[in-house]
Amino acid sequence: MAALLPSTLSIQKESKAIAIKETSLFGAALPTSLKAEFSPCFHKELRKKLSIGPIKAQTAATTPAVNQPSEKKTLRKGTAIITGASSGLGLATAKSLAETGKWHVIMACRNFLKAEKAAKSAGIPKENYTVMHLDLASLESVRQFVDTFRRSGRPLDVLVCNAAVYLPTAKEPTFTADGFELSVGTNHLGHFLLSRLLLDDLKQSDYPQRRLIIVGSITGNTNTLAGNVPPKANLGDLRGLAGGLNGVGSSSMIDGGEFDGAKAYKDSKVCNMLTMQEFHRRFHEETGVSFASLYPGCIAETGLFREHIPLFRLLFPPFQKYITKGYVSEDEAGKRLAQVVSDPSLSKSGVYWSWNKNSSSFENQLSKEASDAEKARKLWEVSEKLVGLA
Ligand code: NDP
Ligand code: PMR
């Protein structure tokens, strides 16, 4: 149990924390009256500008839409990019989507060989995936990935920003190729640039439901028990981020404080959830693209905890299974994220999805900070500058 306790959290504090009402994990399912979006929009001019050839119809791989009479138009195979699909949630989601035969998954990974091996050993059908190199810890690599993807000639129907690093035991910050603290640089800034660039591609897709999904987490939400385990997420006034997050001229932490790896991860998840909402406010109406985030459950055995001490890795899964009951298998979590990718009933934009004990999805409440529209706007503007978009 000691391994599960952050150094600043005493047993006494823990029991106090447990008294905090956990509104989001086991909340009741909310009714969702969601309508599917059918707004095909081909921006030919934009495609010309981006020098992309005609979108392939992929008729050979079409699959009849479920419950549709055969004379009706068949839906072509969708293309989904999933970052960090070489392990954990990303791999399980890729598998779940590819197995339906209705999706081609672009596995956007930093380790090409690892991703190929993972896809093979997960039994993902060869024709339903492509591995493409992407290192989110380098803005140059993000731009190169976008170029490579565009040259593939595939349309883009769904983008899933899933990859992440978590460095809870690091004493000193490490940095991306562009000099940003590694967790925020990878989890937020890399994905921010990627999704800003690929929004143009999503706009061009003629797929009935186009989505941009950014994986969030309960631990970034301080309106939950998990989010109250120290160190708590807090972006402050973003002074560290505005200063470049480089640990030289400015702090390596978004709020300008001392480096703390666990906090940096939680802060990055707040950024992910704020970014999703800002995308929704800026682009949903204009483009018809749906923006969503989610907490898939505590997938306690993934590679995310690889940097944690061995005792934590041993105790964390039984702790989540038998004590918090927040545990979910990689397989189940993959099915949940696959639902957010393709289920017509989860097409609503601006939503942070969670699942209750019976594995039914519901629209969850974000914490005050993770739903602060003013902070989201500021985060957007500062991030634009850092990644070279403004
Ligand atoms: P994993 O470590 O299993 O997966 C993370 C993936 O991100 C790996 O494929 C990893 O690649 C990839 N990645 C890391 N750095 C980079 C980079 N610089 N460029 C490209 N890819 C990179 O962890 P999870 O599956 O648990 O995490 C997936 C998502 O789920 C994350 O966003 C996490 O925040 C979220 N999440 C996880 C929870 C959990 O309980 N596990 C709970 C809530 C949210 P490689 O294989 O090469 O290391
Ligand atoms: Mg948590 C319902 C209670 C709950 C849930 C759902 C989680 C999820 N955690 C809960 C409670 C607690 N955790 C309590 C009471 C403690 C103190 C003993 C505790 C501790 C703890 C630690 C030390 N928890 C952790 C850590 C981590 O290092 C993980 C983390 O914060 O990663 C950022 C973690 C997590 N707890 C979760 C989830 C989902 C995580 C990890 C992953 C994430 O947010 O992405």
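Atoms within a ligand are numbered from 1 in the order they appear, just like the ligands themselves.
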Looking only at non-hydrogen atoms, the one of L113, I299, L136 nearest atom 38 (C) of ligand 1 is I299

May I ask whether H308 places a heavy atom under 4.0 Å from ligand 2?
yes

N187 side chain to V165 backbone, donor-acceptor under 3.5 Å:
yes

I want to confirm something. Looking only at heavy atoms, which of R110, M107, K269 is nearest to atom 48 (O) of ligand 1?
R110

For ligand 1, is any non-hydrogen atom under 4.0 Å from T219's backbone (N, CA, C, O), its side chain (CB onward), both, or neither?
neither

I need the nearest protein heavy-atom contact for atom 31 (C) of ligand 1: residue, atom name and distance, please.
N162 O, 3.0 Å

Select one of side chain, backbone, both or neither to describe which atoms of I299 lie under 4.0 Å from any atom of ligand 2, heavy atoms only.
neither

Does G90 reach ligand 1 with a nitrogen or oxygen that is under 3.5 Å from one of the ligand's nitrogen or oxygen atoms?
no

Interfacing atoms of ligand 2 (cut-off 4.0 Å, heavy-atom, T324):
2 (C), 3 (C), 4 (C), 10 (C), 11 (C)

So which protein heavy atom does atom 5 (C) of ligand 1 come closest to, and at what separation?
A164 O, 3.7 Å

Counting from 1, what ligand 1 atoms have a heavy atom of K114 closer than 4.0 Å?
45 (P), 46 (O), 48 (O)

Heavy-atom neighbours of R313 CZ exceed 12 at 6.0 Å
yes

Numbered in order shown, the ligand 1 atoms found under 4.0 Å of a heavy atom of Y295 are 42 (C), 43 (C)

Given G185, A163, A177, identify the one with the heavy atom nearest to atom 22 (C) of ligand 1.
A163

Of the backbone atoms (N, CA, C, O) and the side-chain heavy atoms from C-beta on, which set of F305 has a member under 4.0 Å from an atom of ligand 1: side chain, backbone, both, or neither?
side chain

Any nitrogen or oxygen of R306 lying under 3.5 Å from a nitrogen or oxygen in ligand 1? Just yes or no.
yes

In the single-linkage hydrophobic clustering (I, L, V, M, F, W, Y; side-chain heavy atoms under 4.5 Å), do V270 and L182 co-cluster?
no

Please state whether T224 comes within less than 4.0 angstrom of ligand 2, counting heavy atoms only.
no

Got T186 and R110 here, is their nearest side-chain heavy-atom distance under 4.5 Å?
no

Output for pair (M273 CE, H188 NE2), nearest 0.5 Å, gives 12.5 Å

For G216, counting its heavy atoms only, list the atoms of ligand 1 lying under 4.0 Å from any of them.
43 (C), 44 (C)

Among all the protein's non-hydrogen atoms, which is closest to atom 26 (O) of ligand 1, and how far away is it?
T302 OG1, 2.6 Å

Do W355 and Q339 pair up side chain to side chain, a donor and an acceptor below 3.5 Å, judged on atom types alone?
yes

Side chains of I82 and V341, heavy atoms from C-beta outward: is any pair under 4.5 Å?
no

Under a heavy-atom criterion of less than 4.0 Å, does Q320 contact ligand 2?
yes

Show the atoms of ligand 1 that are less than 4.0 angstrom away from any heavy atom in A137.
18 (N)

Considering G88, A226, G84, S87 one by one, which has a heavy atom nearer to atom 1 (P) of ligand 1 than any of the others?
S87

Quick test of your reading of the model: are R377 and E381 salt-bridged, counting only N-O distances below 4.0 Å?
yes

Under 3.5 Å, is there a donor-acceptor pair between the Y352 and N221 side chains?
yes

Do the rings of F283 and F291 sit parallel, tilted or perpendicular, given the 30° and 60° boundaries?
tilted

Is S96 reaching over with its side chain to a backbone N or O of A92, donor-acceptor style, under 3.5 angstrom?
no

Can S141 and D135 be counted as having a side-chain donor-acceptor contact under 3.5 angstrom?
no

Counting only heavy atoms not in E286, do more than 12 fall under 6.0 Å of its CD?
yes

D135, portion touching ligand 1 at heavy-atom distance under 4.0 Å
both

Taking atom types as modelled, is there a side-chain donor on R336 or S359 under 3.5 Å from an acceptor on the other?
yes

At a 4.0 Å threshold, what atoms of ligand 2 neighbour a non-hydrogen atom of F319?
12 (C), 13 (N), 14 (C), 16 (C), 18 (C), 19 (C)

Applying a 4.0 Å heavy-atom criterion (strictly less than), which segment of E330 is in contact with ligand 1: side chain, backbone, both, or neither?
neither

Identify, for atom 27 (O) of ligand 1, the protein heavy atom at the shortest distance, and state residue, atom and that distance.
L304 CD1, 4.2 Å

V229 heavy atoms, cut-off 4.0 Å: which ligand 2 atoms fall inside?
12 (C), 13 (N), 14 (C), 16 (C), 19 (C), 20 (C)

Assigning hydrophobic clusters by single linkage (Ile, Leu, Val, Met, Phe, Trp, Tyr; side-chain heavy-atom cutoff under 4.5 Å), is I124 placed with F112?
yes

Ligand 2 N/O within reach of Y295 N/O, cut-off under 3.5 Å:
no

Side-chain ion pair, D147 and R143, N-O less than 4.0 Å
no

Under 4.0 Å from a heavy atom of F312: give me the atoms of ligand 2 that qualify, with their elements.
22 (C), 23 (C), 26 (C), 27 (C), 28 (O)

Looking at D237 and K378, is any side-chain nitrogen of the basic one under 4.0 Å from a carboxylate oxygen of the acidic one?
no

Which of the atoms in ligand 2, numbered in the order shown and given with their element, are less than 4.0 Å from a heavy-atom of L304?
45 (O)

Measure the acute angle between the ring planes of F279 and W380, then classify it against the limits of 30° and 60° as parallel, tilted or perpendicular.
perpendicular

For ligand 2 and T219, I'd like to know whether there is a polar contact (N/O to N/O, distance under 3.5 Å).
yes

Starting from atom 33 (C) of ligand 1, which protein heavy atom do you reach first, and at what distance in Å?
Y265 OH, 3.4 Å

Just let me know how K266 lines up against ligand 2, side chain, backbone, both or neither, with a heavy-atom cut-off below 4.0 Å.
side chain

Nearest protein heavy-atom contact for atom 42 (C) of ligand 1: which residue, which atom, what distance?
G297 O, 3.5 Å

Check the angle between the aromatic planes of F312 and H308 and answer parallel, tilted or perpendicular using the 30° and 60° thresholds.
parallel

Using a 4.5 Å cut-off on heavy atoms from C-beta on, say whether the side chain of V184 contacts that of M253.
no

Atom 43 (C) of ligand 2: which of S217, A262, G220 has the nearest heavy atom?
S217

One finds that the ligand 1 atoms under 4.0 Å from a non-hydrogen atom of V165 are 14 (C), 15 (N)

In this structure, does ligand 1 have an atom that sits under 4.0 Å from one of the heavy atoms of C298?
yes

Atom 25 (O) of ligand 1 sits nearest the protein heavy atom L89 N, 2.8 Å

Sub-4.0 Å atoms of ligand 1 with respect to non-hydrogen atoms of S86:
8 (C), 9 (O), 11 (O), 45 (P), 46 (O), 47 (O)

Distance to 0.1 Å, residue and atom name: give those for the protein heavy atom nearest to atom 20 (C) of ligand 1.
L134 O, 3.2 Å

Less than 4.5 Å apart, side chain to side chain, heavy atoms only: is that true for L156 and S205?
no

For V215, counting its heavy atoms only, list the atoms of ligand 1 lying under 4.0 Å from any of them.
30 (O), 32 (O), 35 (C)

Looking only at distances, can you tell me whether any N or O atom of A300, backbone or side chain, sits closer than 3.5 Å to an N or O atom of ligand 1?
no

Consider ring pair (Phe, Tyr, Trp, His ring centres under 6.0 Å). Of F316, F319, Y265, which one does F305 pass it with?
F316

